[in-house]
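Just below is one structure, and these are the notes that go with it.
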Amino acid sequence: MFSGLFCWGAQMRYDPKSIEPKWQQIWEGSRCFELSNDVEVLNKKPKYYVLDMFPYPSGAGLHVGHPEGYTATDVIARMKRMQGFNVLHPMGWDAFGLPAERAAVRENLHPALITKRNTDNFRRQIKRLGFSYDWKREINTTDVSYYKWTQWIFLRLYERGLAYLAELPVNWCPALNTVLANEEVKDGRYVETGDLVEKRVMRQWMLKITAYAERLLEDLESLDWPEGVKEMQRNWIGRSEGAEVYFAVKGTADSITVYTTRHDTLFGSTFMVLAPEHPLVVQICSPEHRAAVQAYVAEVANESEAQRMDTTREKTGVFTGAYAINPLNQEPIPIWIADYVLVNYGTGAVVGVPGSDERDFVFANKFGLPLREVVEGDVQALAEGKSVTNGKLINSSFLNGMSVADAKLAMWSYLETHKLGQKTVHYKLRDWLFSRQRYWGEPFPIVYGSDGEPRPLSDALLPIELPALEEFTPTKDGSPPLARAGADWLQVKLADGSAATREVNTMPQWAGSCWYYLRYLDPHNDKALVDPKLERYFMPVDLYVGGVEHAVLHLLYARFWHKVLFDCGVVHTKEPFQKLFNQGMILAQSYQDEQGKYYYPEDAEHKDGACVAISTGKVLKTQIEKMSKSRYNVVSPDDVIDTYGADAMRLYELFMGPLEQMKVWQMTGVEGVYRFLQRTWRLVVDSQTGEFPSILCEHKGPEHEALERMLHRTIKKVSEDTSELKFNTAISQMMMFVNEATRATSVPREFLKTFLRILSPYAPHLAEELWQRLGEKQLLANGSWPQFDPALCTENTVNIVVQINGKKRDEISVARGASKEEMEKAALASEIVQRFLQDHPPKKTVIVPERLVNFVV
Ligand code: ANZ
């Protein structure tokens with residue numbers, strides 16, 4: 001089928017440059033990685049859906065960190081295909097979002113053009129690696145035919161009351177002129193750029209992810225995900241169980257509800273603290289404390305949430321002059337306000353229990369508030385700076401003598417029977433802020449009528465195309481760029497004849513990636529997001545590989561949307577990604593002088609044990625760091641492929657170490673795997689003649705038994721390790737096989753063909769080429785995965801210890817079941833033993849079969 005496309009007679013040396021593009025063309029021409037969209041056809045085989053986190057196509061192009069995960073999934077995809085699965089292995093572009101827009105401003109080029117240029121470059125780079133993607137399914141989140149369905153999903157969220165407008169304090173980033181989601185802000189800064197974020201009250205679109213908090217938490221249990229990622233999601237959702245307790249304000253009709261997770265300690269509460277923004281603060285404050293309270297409230301208004309949650313900061317607070325009545329013992333306790341109580345968590349009011357809580361202990365000490373011990377041992381622990389114990393309750397009426405756990409149960413029922421409070425669950429998770437004041441995103445399918453109220457557009461009006469704006473930069477005052485679109489876009493006439501204006505905010509960059517894995521199943525469907533039959537066949541994703549940085553952003557958002565789509569009947573699985581694997585980051589060496597200036601690796605040299613800059617002779621510090629343009633340590637796959645080829649690049653990506661670990665890129669390592677590929681080549685091609693080498697033989701004979709065993713052990717190890725994503729050990733086993741075959745006096749062709757099958761997912765171009773040269777007419781990519789014979793997988797040799805006077809001197813290998821005479825003969829042949837014996841025969845020889853030979857001299 002592929003004759004005529006190439007001629008290999010002349011090629012003698014392993015030259016990836018000439019074979020790799022050729023096989024890529026042949027694969028593409030034969031469409032061997034494309035799957036049918038006909039469910040009848042698909043149903044004949046089981047499915048396997050292996051997915052990469054699709055990249056954001058940045059201007060810098062791919063660096064060698066990207067293909068690490070892509071190579072891993074490609075090896076799995078190719079192996080599963082050979083094992084008889086319909087493998088869905090797609091690729092696409094997550095191309096909306098801030099980075100493209102910022103690049104557009106920097107380069108003064110429209111974001112659409114930047115996106116096109118970058119995706120073209122990424123596609124070119126990815127294709128050079130010979131990945132077996134079904135390119136017919138390529139998607140791009142910025143295509144109108146794609147984001148039509150993002151808008152469609154938004155309408156479903158809106159219909160269900162899960163998308164709503166709210167006026168609230170939001171994260172505003174002045175450097176970017178847009179709001180950001182909580183998940184995008186850490187310690188008061190935007191996680192991507194480090195720009196400062198402040199609070200601003202704005203009217204924004206919110207998605208009610210909190211309505212799914214419990215399901216998002218519960219369903220984590222069913223997933224085969226790294227425990228660390230699950231734990232990050234659990235912490236982010238932050239479920240806590242406790243009680244809300246009602247406290248009367250002394251001398252008024254007001255009541256304040258506090259939230260506590262330590263309701264067992266309620267007899268120990270000696271004060272109450274409200275968030276400074278708590279709505280009752282103004283009302284309860286006594287006249288003589290008003291000025292101090294107002295001043296404190298004003299001061300706190302300028303603090304960030306990160307500052308307020310910093311437990312190491314000196315505690316501050318002021319007394320309001322009011323008292324609350326502890327409903328359990330009728331004691332009046334002073335009401336304070338302090339910045340460490342957050343208004344948007346729990347009820348914004350807490351009770352202070354200085355005898356059991358470290359923060360309250362410090363606060364009470366500072367302001368001279370009383371302390372009462374209610375859990376035995378806690379006060380001493382707090383005084384010594386230790387964490388509290390799990391002692392028995394004391395000074396607590398009906399709880400006395402109980403354990404903390406029992407006291408919690410008893411208090412819950414006491415509060416509920418006496419109507420003093422109730423058992424409550426709270427979550428740290430907040431609703432998702434879903435609008436941005438930027439241009440490069442999906443427009444909302446929403447218009448505003450003359451009453452200023454939002455109205456969803458009907459499905460029939462989708463897509464709402466992003467208008468082509470010349471001037472797309474954001475504004476300081478936060479009015480979105482789309483507000484500058486012409487009236488022909490902004491003004492809409494509704495079906496009832498009334499006039500309306502469009503929503504001018506856009507969706508955040510996470511929107512498109514929330515559901516892209518569904519569009520791959522049916523990318524050209526213009527009637528539905530996905531054909532239900534295809535959804536039933538392909539979902540869930542069997543293996544999802546990507547970086548750990550998405551743990552609480554993309555991976556939480558996508559799970560949320562998936563659950564909404566489940567409730568809408570669009571998908572049939574509760575969860576999108578059954579198994580998740582995080583690849584480790586790839587780092588590289590960088591060179592930096594004392595002033596902090598970075599140098600390119602080629603501008604540095606090693607001299608007298610030091611590393612110096614060639615140009616100036618300055619001593620340079622070498623460091624292992626994250627790859628980044630500004631550190632001049634980015635390794636481009638293009639350069640690696642130009643020198644060593646795609647197969648070497650693929651092998652090295654996986655041979656560096658366990659997939660999940662952080663690793664350092666080293667070109668010498670690429671050379672190592674390149675030599676392995678050369679050795680493999682020479683098993684089939686004589687470098688003098690270009691013909692088969694003389695060790696290749698037609699038929700298997702008894703002299704090939706050891707190599708055959710090695711081959712079967714290799715099939716077993718590669719099959720098992722690859723399924724477990726232990727690629728590095730699979731590769732070393734293949735290296736051992738090639739070494740063994742290279743040393744053999746003859747190698748049957750069949751052995752090599754079998755070996756090429758298991759090599760092919762890893763080094764597909766070389767394997768395909770050699771397969772062909774061995775006379776095969778069909779593509780190896782379409783071939784089958786070999787079975788191993790378990791009987792041939794056991795070792796037929798054993799290692800025995802050789803001792804002299806009871807001391808271990810050597811270890812040698814003998815045939816399993818060797819006789820005592822054979823063992824003695826083999827031991828005497830050891831050079832080390834001969835050196836010790838120096839021609840004197842041993843006085844006595846002790847032999848334990850299959851274990852040891854001991855010579856007594
Ligand atoms: C009394 C108490 C005694 C508490 C004790 C803890 C230990 P999580 O698990 O994070 O939900 N709290 C409640 N609302 C708060 C708010 N808006 N701002 C700051 N702190 C708040 O923790 C709940 C605990 O955090 C609650 O239990 C409350 O302090 C505090 F020995 O109440 B506790």
Side-chain angles (χ1 to χ4, degrees), residues 169 210 213 217 234-247 256-281 300 303-311 313 315-317 324 326-328 333 335-365 369-383 386-396 399 403-405 407-408 411-412 415 420-430:
T210 52
L217 192 65
R234 280 186 206 112
N235 290 337
W236 188 259
I237 296 167
R239 184 184 198 276
S240 85
E241 249 183 18
E244 285 183 358
V245 190
Y246 323 129
F247 283 65
I256 295 174
T257 305
V258 300
Y259 175 60
T260 172
T261 47
R262 290 296 307 275
H263 42 288
D264 55 307
T265 65
L266 274 168
F267 284 100
S269 57
T270 57
F271 60 97
M272 179 186 285
V273 188
L274 306 187
E277 304 88 342
H278 194 287
L280 279 181
V281 170
V300 170
E303 291 173 356
S304 70
E305 192 157 314
Q307 278 173 308
R308 291 178 60 165
M309 283 161 62
D310 180 356
T311 50
R313 264 171 87 221
K315 296 273 169 301
T316 60
N326 185 337
L328 290 154
I333 55 173
I335 305 177
W336 284 63
I337 61 171
D339 62 355
Y340 70 78
V341 179
L342 303 176
V343 70
N344 56 1
Y345 184 66
T347 61
V350 308
V351 276
V353 183
S356 285
D357 182 63
E358 195 198 318
R359 193 172 59 182
D360 297 345
F361 183 77
V362 175
F363 194 82
N365 271 345
L369 295 162
L371 175 152
R372 181 181 306 142
E373 183 159 52
V374 286
V375 178
E376 212 169 24
D378 276 5
V379 172
Q380 192 183 342
L382 287 171
K386 294 189 192 139
S387 43
V388 291
T389 54
N390 236 333
K392 296 258 177 287
L393 271 287
I394 52 172
N395 300 325
S396 296
L399 302 178
S403 68
V404 167
K408 280 186 175 175
M411 185 57 90
W412 266 330
L415 290 172
L420 303 176
Q422 58 177 354
K423 180 175 173 177
T424 327
V425 173
H426 279 285
Y427 299 91
K428 294 248 156 46
L429 186 67
R430 291 282 153 270

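One-based numbering, in listed order, for ligands and for the atoms of each. For clarity, every value in this text was computed on a predicted model and none was experimentally measured.
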- Is there a side-chain contact between Y340 and V273 (heavy atoms, below 4.5 Å)?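 Yes; the side chains approach each other to less than 4.5 Å.
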
- Hey, are the side chains of T265 and V375 touching, using non-hydrogen atoms and a 4.5 Å cut-off?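 In short, these two side chains touch, coming nearer than 4.5 Å.
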
- Under 4.0 angstrom from ligand 1, any heavy atom of R359?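 Within the 4.0 Å threshold, so yes.
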
Would you please say whether a donor-acceptor pair under 3.5 Å links the side chains of [X] and [Y]?
| X | Y | answer |
| --- | --- | --- |
| S240 | Y427 | no |
| E244 | H263 | no |
| S403 | N390 | no |

What residue and atom, counting heavy atoms only, is the protein's closest point to [atom], and at what distance?
| atom | value |
| --- | --- |
| atom 10 (O) of ligand 1 | K428 NZ, 2.6 Å |
| atom 18 (N) of ligand 1 | L342 N, 3.0 Å |
| atom 27 (O) of ligand 1 | T261 N, 3.0 Å |
| atom 11 (O) of ligand 1 | Y345 OH, 2.4 Å |
| atom 3 (C) of ligand 1 | R262 CB, 3.5 Å |
| atom 9 (O) of ligand 1 | S240 CB, 3.6 Å |

- Message: With nothing but distance in play, are any N or O atoms of S356 less than 3.5 Å from an N or O of ligand 1?
- Response: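 No, there is no polar N/O contact under 3.5 Å.
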
I need the atoms of ligand 1 closer than 4.0 Å to a non-hydrogen atom of [X], numbered in the order shown.
| X | answer |
| --- | --- |
| T260 | 1 (C), 2 (C), 26 (C), 27 (O), 32 (O), 33 (B) |
| Y340 | 18 (N), 19 (C) |
| Y259 | 11 (O), 13 (C), 26 (C), 28 (C) |
| D357 | 5 (C), 6 (C), 7 (C), 31 (F) |
| V341 | 16 (C), 17 (N), 18 (N), 19 (C) |

- Message: Would the distance check show the side chain of N235 and the main-chain N or O of G238 forming a donor-acceptor pair, the cut-off being under 3.5 Å?
- Response: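 It does not hold such a pair.
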
- Taking the side chain from S356 and the backbone from V353, do they hold a donor-acceptor pair closer than 3.5 Å?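 Answer holds: no.
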
- Query: Got a salt bridge between R313 and E303, using NZ or NE/NH1/NH2 to carboxylate O under 4.0 Å?
  - Reply: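 Yes, charged N to carboxylate O under 4.0 Å.
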
- Message: Taking R262 first and then E241, would you say they form a salt bridge - that is, a charged N and a carboxylate O separated by under 4.0 Å?
- Response: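 No, no charged N to carboxylate O under 4.0 Å.
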
- Between H426 and ligand 1, which part of the residue brings a heavy atom under 4.0 Å of the ligand: side chain, backbone, both or neither?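 It is neither part, as no heavy atom is under 4.0 Å.
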
- Indicate the atoms forming the closest heavy-atom contact of K315 with V362, along with that distance.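 For K315 and V362, the tightest heavy-atom pair comes out as CG-CG1, 4.0 Å.
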
- So between V351, V404, V350, whose heavy atom ends up nearest atom 14 (N) of ligand 1?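 Result: the heavy atom closest to atom 14 (N) of ligand 1 is in V350.
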
